[in-house]
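The model shown is predicted, which means the values in this text are computed figures rather than measured ones. In what follows, residues are counted from 1 in the order of the sequence shown.
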Amino acid sequence: MQENPLRNLPAVSRVLEHALLEDLRDQHSPEYMTEAVRTVLNEVRAELLSGVSADTERESIVQRVLQLLDEQSQLQLRCVINATGIILHTNLGRSVLHESAALAAYHAARGYLNLELDLETGLRSSRQNPIRDGIQRITGAESGTVVNNCAAATVIVLRALALGKEVIVSRGQLIEIGGSFRIPEIMSVSGVSLREVGTTNITRIADYERAIGPNTGLLMRIHPSNYRIRGFTETPTIDELVALGKKHNIPVVDDVGSGAVFDFAPIGLPGEPLVSEGIHAGADLVMFSGDKLLGGPQAGIIAGKLEFIQRIERDPLMRAFRLDKMTLAALEATLNLYRDRAQVQAEIPTLKMLNMTIEELTTRCVRIAEPLRKLPEFRFVEVEPESAYVGGGSLPDLALPTVVVALQARDLSEELFAKRLRTGTPAVMARIQHGKVLLDLRTVLPHQEAELLTAILLAIPPRISDV
Ligand SMILES: *Cc1c(COP(=O)(O)O)cnc(C)c1O
């Protein structure tokens with residue numbers, strides 16, 4: 001009769017006594033270690049019972065425990081080196097914060113702060129107060145407030161100004177901003193009814209005026225952030241909408257989306273409306289994202305007339321939509337940088353990346369490409385001109401000229417090479433194009449360059465025969 005293999009399994013205590021596990025005693029509690037050993041022993045037992053051959057030696061059990069402990073300590077959210085060149089990559093977290101904003105969030109996280117407290121009087125205050133100044137400064141508005149993102153801003157603005165009423169929007173502006181953010185659906189969850197006017201390409205101010213009736217609550221302009229209509233097109237200016245709103249005593253809201261504080265046209269990035277444009281024209285409210293062209297944390301900034309801002313803050317949804325202390329701290333620090341425009345252009349990562357010159361990009365690409373050229377593991381290493389999109393639903397038809405390192409490994413397909421980069425430590429996201437892996441240094445932070453080179457080398461299996 002054959003021996004029962006389960007009998008060979010070591011006892012939990014025997015595994016725990018192993019020197020390699022003893023060494024981990026100062027990192028984990030005894031309960032946690034015992035649980036890990038039990039988990040592995042149960043796995044091995046199940047494998048044996050189902051007829052899978054499994055190693056019951058104490059050494060191999062210990063190795064499996066170590067591997068399990070290592071896996072359990074790995075977080076699912078990790079740092080990724082963004083080598084796609086897409087600056088506002090939504091899947092990679094959109095804007096990278098300025099160091100002062102990141103530090104503000106860090107300090108807010110690891111201690112207490114005067115989030116809703118006036119230190120002068122010792123009385124309760126609003127968590128919105130610290131960011132109002134900054135919003136006023138960059139938009140010229142009377143007041144401002146902030147919620148979780150621009151989608152939440154849209155909902156709360158619609159409710160505050162037009163609950164149960166009609167909102168007039170041009171057919172050319174009924175956009176979808178990725179995922180499930182579609183203007184008609186947002187309107188219905190916000191409790192307003194959408195009144196579409198005009199056509200996809202042509203909407204005139206007269207179309208809005210004809211649609212105005214006793215139940216009109218709001219005139220809204222939505223910036224078609226992620227697409228452009230070209231050719232024979234017409235759409236009213238914000239000034240025309242504001243004039244019409246005044247004539248009929250109906251509020252006007254401008255959803256500018258990307259939140260460009262400066263005119264990007266001089267650096268070759270045309271077409272983004274400025275956050276101050278709507279306010280100067282007399283719009284009642286303007287809203288935009290904090291983590292697109294502003295270069296701050298995820299937030300939905302609402303600027304405009306004090307009366308409407310107060311109405312928004314009284315909405316019970318404000319409690320559900322409000323920002324947490326870390327994001328507020330990062331946003332205040334970001335807005336504070338906007339006191340000095342030159343500093344913003346030179347230092348806020350999103351704007352710095354947008355402003356990066358071809359010369360600078362070339363130098364950085366060469367620094368990565370040179371050491372790789374000498375290696376037999378690569379079939380192809382070149383620094384080449386390319387173009388990239390800004391992403392995040394901003395500047396959709398702008399192919400930004402850029403420079404990339406184009407690579408082909410000798411023993412890996414481009415898909416496998418990209419996958420090994422993605423699953424390495426640190427993870428690297430690259431682009432694949434025409435059989436090559438492309439690395440765009442525009443979105444790689446300067447301090448990540450050495451890490452990027454290491455990650456590339458680790459992703460390539462060494463050619464044993466050439467060593
Ligand atoms: C991006 C965008 C939104 C959504 O903003 P989030 O901050 O991503 O929620 C809404 N409206 C416009 C016009 C946008 O461009």
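Side-chain contact, T139 with S276: no donor N or O sits under 3.5 Å from an acceptor N or O. A side-chain donor from one of Q72 and Y32 sits under 3.5 Å from a side-chain acceptor of the other. Judged purely by distance below 3.5 Å, without hydrogens or angles, the side chains of H248 and E209 pair a donor atom with an acceptor atom. Side chains of N201 and T233: a donor-acceptor N/O pair is absent below 3.5 angstrom, by distance only. Remark: the E313 side chain and the T145 side chain contain an N/O donor-acceptor pair separated by less than 3.5 Å. A donor-acceptor pair shorter than 3.5 Å cannot be found between the side chains of E414 and Q433. Counting only N and O atoms by type, the side chains of E116 and S125 include no donor and acceptor under 3.5 Å apart.
Summarising the local packing, CD of E120 is surrounded by 12 or fewer heavy atoms from other residues, nucleotides or ligands at distances under 6.0 Å. Counting non-hydrogen atoms of other residues, nucleotides and ligands closer than 6.0 Å to CD of E99 gives a total of 12 or fewer. Annotation: N249, atom CG; neighbour count of heavy atoms from other residues, nucleotides and ligands within 6.0 Å does not exceed 12.
Under a 3.5 Å cut-off, the side chain of K325 and the backbone N or O of A108 do form a donor-acceptor pair. When atom types are taken as modelled, the side chain of E370 and the backbone of R367 share no donor-acceptor pair closer than 3.5 angstrom. Under a 3.5 Å cut-off, the side chain of R341 and the backbone N or O of Y338 do not form any donor-acceptor pair. Side chain of D324 to backbone of M326: a donor-acceptor contact under 3.5 angstrom is found. In this structure, Q408 contributes its side chain and G435 its backbone to a donor-acceptor pair below 3.5 Å. Between the side chain of S387 and the main chain of A399, no donor-acceptor pair closer than 3.5 Å is present.
Residue S258 is tested with E272, H223, K292 for a side-chain hydrogen bond (donor to acceptor under 3.5 Å, both in side chains); the sole match is E272.
The distance from the CZ atom of R221 to the CD atom of E240 is 11.0 Å, given to the nearest 0.5 Å. Taken to the nearest 0.5 Å, the CG atom of L361 stands 11.0 Å off from the CE atom of M353.
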Handout entry: Criterion side-chain contact (heavy atoms from CB on, under 4.5 Å) on I86 and V390, from CA distance to verdict
Key = CA-CA 5 Å; I86 300 167; V390 175; over 6 Å; no
Practice task
I would like to know whether T203 and T235 meet side chain to side chain donor-acceptor pair (under 3.5 Å); could you show each step before the answer?
Solution key: CA-CA 5 Å; T203 303; T235 187; 5.6 Å; no
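E185 pairs by the salt bridge (Lys or Arg N to Asp or Glu O under 4.0 Å) definition with R182, not counting sequence neighbours.
For the pair A406 and L438, the tightest heavy-atom approach, listed with the atom from each and the gap, is CB-CD2, 3.6 Å. The minimum heavy-atom distance linking S95 with D291 is given by the pair OG-O, 3.0 Å.
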Show which side-chain atoms of residues 151-168 pair as donor or acceptor with protein atoms under 3.5 Å away, not counting sequence neighbours.
| unit_1 | atom_1 | unit_2 | atom_2 | d |
| --- | --- | --- | --- | --- |
| T154 | OG1 | C150 | O | 2.8 |
| R159 | NE | D315 | OD2 | 2.9 |
| R159 | NH2 | D315 | OD1 | 3.0 |
| R159 | NH2 | D315 | OD2 | 3.3 |

